[in-house]
Amino acid sequence: MLITHELITWAPRAGHAPIPDIHLVEDHDGAYDVWKAAGVRDRILVHVDGHLDFYWMADRDPEELLAARSSEELNQLLAQVTAWNLDGVPLRDLVHMGNFLYPAIAEGIVRTAYWVIPDPFWASAVQREAVRRELEAVVRLRPSNAGPMEVSDGGISLTVLGRPVTVCTLENLPCFREAVLLDIDVDYLLTWKPGGPPAYFGQNPTTPWLWPTVFLACLKAAELPTDLATIAYSVNGGYTPLRYKYFGDLLAAALADPSRAVANEPPPGTAAQAYAGFLVAVERGEMRTAQERWRTMVALDPSYQTPYATWGCREERARRWRSALRMYDQMIQVDPDWHFPHVARGRLLWRLRQWAEAEDSFQKAAYLSPGPTTATHWLGRCALRRGEWQRAREEWTKAVAENPKDVMSWSALARLATKQGAPSQALVYGRRCVQLGMDGPAIHWHLAWAAWRLGRRRLFRRELGLWGRQLLRALWARGMQGWRLRTSRRTEAYAPWEAGPQADASVV
Amino acid sequence: MHLGRLAPKRTLQWSEVGSEVVVLDRTMGELLRLNAVAGFIWKQLDGHRSAEEVATVLSRHFYVDRRTAERDVEQFLRQLTDLQIVEEDSEP
């Protein structure tokens, strides 16, 4: 009698049988919320993504420090400087798309993780080295919590928080004998090299290195048993160009019903198809048609009304101000009731020193916006420019009341407090900026000034050191940016509307 | 010395760790470590003792002259005031 081995799993294999539980999320940290809600624990994770999405979090309760039994133990605990949540920020507020695998592992949701990297990441020695360096940077920050790396032809393995992590291509995944958490980021199909800028900000229009139909075939060949799949669109941040957002929907539909045919084009009657038509109409200068397509698109899926739908932000980041301004003007023509292009237009006019026109745009944006908007912050800057300090303070105070994470307004309040010789306030506002992740030289300058005025010499020395270090980094980055702009080539195929959308939620 | 009857802010958490006192200020996101002398002074701050009384206790405990004790207490209390982690106890 022949005894044959079979996969010992009760879970359907992706691409062979319908997966019962599939979740689509806008931003990838939404997957963490899905896992928490499902109550999953001790699972194998297959993370198919152009990014690691793991970074250390300051999540340890500082009450552990108060419970230390000796100075030596306290010293050891404090050696992990980045670990302590001294500000008492709620832990979920610390989680974002770039670090959500940390709590997933730390909380025991994941016991073993596989980061499936795009094939191009492993295609050359240079790319492999870039992946290795990225992992090494993570290990270096907390060597006591991250093990040594082993690099082989098949991939990289290491230990993180006591859990094994393997980095490999889809082809090199092992055979699993239990159901895995299948976690897919659409940007996996669109990311060509590790550590590069998000696709929206890339130099040239981004096309997929792998189209959905081929990806699904590869996934099927991997025979992954899974009972829970998460798929992230990742348009926010510019990782997935909006024109390819529909890949997420295609993948979800295919995993739910592998028997149905899949095409790489946007399905008819969808927001994706309307958006493709919108782009073509704008390129041709057919603005009335563009407006119709835009309205159809937004009616079908309001999430497509995003800054990433326009190339203006990309032009802005590339310092092509006039081009960006033209695009924002076009967007206002297409959708005059959308507040975003008014904010963006105002920001550009400010840069071009057209103060009155800029303020007019900010006023319009504030009027049109259904919720908090950076226009409030900019109105504060307009007031400051006129010397109306009290009015400026009111606008920024209103801005942070509406959005406590508005770091620009906290920074402006810190700057104003410094101007007005109020070191205690500057310290509070500056600390808030640092909590929110602002780490530039300016904020450390304000903190250093405040510390000096308050006689806090140790804090002063620390902040002064940080100011110097961040200043050097900023100057280096500015130098490199200028060099890149000078050496970039513009191809004949480049057209403004073909450039990647660059949406930065913080500028909405 | 012109400092009032001070006490740690009620929002703080602190504990003794070995010969140190560790103070956690979540408002500022800071952890303060007080050495043996500073920790001793800290534990005297109950909102009822004046700075002079604290200096007297310090002088007796550490066998230092009164002038040195007064100077050290005043300097330390001013630091705590600047750090905004002490307050004058308004309760009778």
Side-chain angles (χ1 to χ4, degrees), chain A residues 58-91 93-94 410 414 422-438 443 447 450-460 462-463, chain B residues 1-4 6-46 51 54-55 61-62 70-88 90:
Chain A
D59 62 335
R60 289 185 73 172
D61 190 339
E63 292 202 16
E64 283 182 55
L65 299 168
L66 297 178
R69 288 160 295 187
S70 67
S71 292
E72 289 72 28
E73 184 179 342
L74 187 61
N75 288 338
Q76 284 172 2
L77 291 171
L78 287 172
Q80 297 180 15
V81 173
T82 57
W84 302 101
N85 185 9
L86 294 178
D87 301 302
V89 175
L91 289 186
D93 288 359
L94 296 173
W410 285 114
S424 296
Q425 284 185 0
L427 194 63
V428 169
Y429 297 142
R431 285 282 320 162
R432 192 77 185 104
C433 292
V434 172
Q435 284 173 14
L436 290 168
M438 179 178 270
I443 204 61
L447 286 167
W452 178 263
R453 284 288 301 269
L454 292 171
R456 297 178 60 173
R457 298 295 181 254
R458 185 175 291 180
L459 179 62
F460 166 73
R462 188 180 86 194
E463 291 299 331
Chain B
M1 286 185 279
H2 304 290
L3 297 160
L6 301 173
K9 278 191 173 172
R10 292 183 184 87
T11 53
L12 299 177
Q13 292 169 272
W14 63 274
S15 71
E16 294 185 58
V17 176
S19 60
E20 299 179 64
V21 166
V22 179
V23 181
L24 176 61
D25 181 0
R26 288 189 190 263
T27 310
M28 295 302 293
E30 290 181 339
L31 194 82
L32 304 168
R33 296 174 74 171
L34 309 179
N35 64 13
V37 175
F40 180 87
I41 297 172
W42 177 267
K43 286 183 281 187
Q44 307 307 312
L45 300 178
D46 57 5
V54 173
H61 186 86
F62 285 97
E70 281 184 0
R71 187 191 62 216
D72 288 350
V73 167
E74 180 175 357
Q75 188 177 28
F76 180 58
L77 292 184
R78 289 204 186 282
Q79 272 187 314
L80 295 181
T81 306
D82 283 345
L83 289 169
Q84 299 179 334
I85 58 173
V86 290
E87 57 192 1
E88 289 204 36
S90 57

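Predicted, not measured: the structure shown is a model, and the values here were computed from it.
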Residues from residues 11-21 of chain B approaching chain A under 4.5 Å (heavy atoms):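 B:Gln13, B:Trp14, B:Ser15, B:Val17, B:Gly18, B:Glu20 fall under the 4.5 Å cut-off.
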
Closest approach of A:Ser71 to B:Arg33 (non-hydrogen atoms, all atoms of both residues): O-NH2, 3.9 Å

Straight-line distance of A:Leu74 CG to B:Leu31 CG, nearest 0.5 Å: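 A:Leu74 atom CG to B:Leu31 atom CG measures 7.0 Å (nearest 0.5 Å).
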
Spacing of CZ belonging to A:Arg457 relative to CD belonging to B:Gln79, to within rounding of 0.5 Å: 10.0 Å

Contacting moiety of A:Arg69, where chain B heavy atoms sit under 4.5 Å: backbone

Under 4.5 Å from a heavy atom of chain B, the part of A:Ser70 involved: backbone

